[in-house]
Amino acid sequence: MAELRHNWALEEVEALFALPFNDLVFQAHTVHRKNFNPNQVQTSALFNIKTGACPEDCSYCSQSSKYNTGIKREKLASVEVVLKQAKVAKEKGATRFCMGAAWRNPTDKSLSKVIPMVEGVKAMGMETCVTLGMLTQAQALTLKQAGLDYYNHNLDTSKENYSNVISTRTFQDRIDTLEAVQNAGIRVCSGGIFGMGEGQTDRASMLRSLANLTPHPDSVPINLLVPIPGTPFENVTPLSETEFIRTIAIARIIMPKSVVRLSAGRIKMGDAMQALCFFAGANSIFYGEHLLTTPNPSTGTDQTLFAKLGINTNA
Ligand code: SAM
Ligand code: DTB
Ligand code: SF4
């Protein structure tokens, strides 16, 4: 079996994008089969533990304080509310519970309030994941001690396109946090958003940056932009379905052992589109009616789709 590579050249990733669709997807599916059960999809539930009023200016986000998106701001949820949500998610069949906060970075005080949430979810027998913005090395170690399994921190877009999307932090800031997370021994969940008006070279560059991390992220969320009214990206021309499937296929080929998550954007995708994403190598979804601030297919809808496709979840 081919070794895991961390030295992808941009031209090599661009050459994958240039392949005929059938050749690319066949190659991706072949890699997928060698490394995973192709009929198994992992399910993660998401819960927003702190909503809105974020000081960052990410042009895609409903929760940035810079844009008028009509979002209802909410302070950090209580441990009780979070654990109640986690219980519902577990009963519905989610195997991982991801908690998100609209922060640039947590203060040590706010982090101390997240710790019992991580401990509580873990005690329920689910995998734990949080996404809280930038972390210091000490904060990453605190989360590790609490038993955190995964930290989600997306590269979001290419280094070259970064300043067109976010001006309040740099691409390198993201890399620094990923390093702190990895040094602490927490598994890394990192991916990006596609369909923000970026070029194909940006898509190739971002996937390359992920694949050239050593080790590869354990989990790679591939988000299709959910256009949010009031944000600078509300009217961006949507990405074609075939181009999105290509991004999944290439993520699978260049990060053969990572779990690739078909993340935001599923609400607008039909059965055949999702089926092709799973065929191209996606083997995880966000499961449950809500993402952070936008809707996601219901668990019933997903169960019906999985039954049609003969897909098992690992619940
Ligand atoms: N504030 C933290 C951060 O930015 O890392 C954690 C929460 S943030 C909402 C988590 C991720 O959600 C972002 O990195 C981005 O990839 C994704 N996201 C946010 N808004 C989105 C949208 N409208 N469409 C698709 N993905 C989105
Ligand atoms: C990720 O890559 N996607 C999730 C999660 N990590 C935190 C977030 C998707 C957000 C979609 C828009 C919203 O619901 O606000
Ligand atoms: Fe804040 Fe995260 Fe939204 Fe950016 S993506 S505005 S950091 S919540």
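Every number for a ligand or one of its atoms is a count from 1 in the order of the listing. Quantities reported herein were computed from a predicted structural model and do not represent experimental measurements.
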Legend entry - Shortest non-hydrogen separation from Ser167 to Asp57 and the atoms involved: OG-OD2, 2.5 Å
Legend entry - Minimum heavy-atom distance between Leu262 and Ala282, given as atom pair plus value: CB-CB, 4.1 Å
Inset, instruction - Anything protein N/O/S under 2.8 Å from atom 1 (Fe) of ligand 3? Just list residue and atom, please. - result: Cys54 SG
Legend entry - Sub-4.5 Å side-chain heavy-atom contact between Asn296 and His290: no
Provide the number and element of each atom of ligand 2 under 4.0 Å from a heavy atom of [X].
X: Thr293; result: 13 (C), 14 (O), 15 (O)
X: Pro221; result: 2 (O)
X: Thr131; result: 7 (C)

Inset, instruction - Report the part of Ile228 in contact with ligand 1, treating N, CA, C, O as backbone and CB onward as side chain, heavy atoms under 4.0 Å; options are side chain, backbone, both, neither. - result: side chain
Note the single closest protein heavy atom to [atom], along with its residue, its atom name and the distance in Å.
atom: atom 16 (O) of ligand 1; value: Asp156 OD1, 2.6 Å
atom: atom 9 (C) of ligand 1; value: Leu292 CD1, 3.3 Å
atom: atom 6 (C) of ligand 1; value: Thr131 OG1, 3.2 Å
atom: atom 11 (C) of ligand 1; value: Asn154 ND2, 3.9 Å
atom: atom 20 (N) of ligand 1; value: Tyr60 CD1, 3.4 Å
atom: atom 1 (N) of ligand 1; value: Trp103 O, 3.1 Å

Legend entry - Proximity flag Lys66 to ligand 3, non-hydrogen atoms under 4.0 Å: no
Legend entry - Ser263 N/O to ligand 2 N/O under 3.5 Å: no
Inset, instruction - Give yes if a backbone or side-chain nitrogen or oxygen of Thr294 is under 3.5 Å from a nitrogen or oxygen of ligand 2, and no if not. - result: yes
Legend entry - Location of contacts on Ile228 toward ligand 2, heavy atoms closer than 4.0 Å: neither
Inset, instruction - Could you go through the salt bridge (Lys or Arg N to Asp or Glu O under 4.0 Å) check for Glu243 and Arg203 one step at a time? - result: CA-CA 10 Å; Glu243 184 70 3; Arg203 290 189 278 282; 2.9 Å; yes
Inset, instruction - Check Lys50 against ligand 3 and report side chain, backbone, both or neither, counting heavy atoms closer than 4.0 Å. - result: neither
Inset, instruction - Using non-hydrogen atoms of the residue, decide whether Ser62 is closer than 4.0 angstrom to ligand 2. - result: yes
Legend entry - Heavy-atom gap Tyr60 to ligand 2 smaller than 4.0 Å: no
Selection from [options] by shortest heavy-atom distance to [atom]:
atom: atom 10 (C) of ligand 2; options: Asn152, Leu225, Leu292, Thr69; result: Leu292
atom: atom 3 (C) of ligand 1; options: Glu56, Glu234, Arg174, Met99; result: Arg174
atom: atom 23 (N) of ligand 1; options: Thr293, Val226, Ile193; result: Val226

Inset, instruction - Can you label the angle between the His216 ring and the His6 ring as parallel, tilted or perpendicular, going by 30° and 60°? - result: tilted
Legend entry - Protein non-hydrogen atom found under 4.0 Å from atom 2 (Fe) of ligand 3: no
Inset, instruction - Working to the nearest 0.5 Å, report the span between CZ of Phe286 and CD1 of Ile267. - result: 14.5 Å
Inset, instruction - Give the atoms of ligand 1, by number and element, whose distance to some non-hydrogen atom of Ala101 is under 4.0 Å. - result: 1 (N), 2 (C), 6 (C), 7 (C)
Distance-only donor-acceptor hits, side chain of residues 220-227, under 3.5 Å, sequence neighbours excluded:
unit_1: Asn223; atom_1: OD1; unit_2: Ala264; atom_2: N; d: 3.0
unit_1: Asn223; atom_1: ND2; unit_2: Gly192; atom_2: O; d: 3.2

Inset, instruction - Give the atoms of ligand 3, by number and element, whose distance to some non-hydrogen atom of Tyr60 is under 4.0 Å. - result: 5 (S)
Legend entry - Charged N-O contact under 4.0 Å between Asp218 and Lys257: no
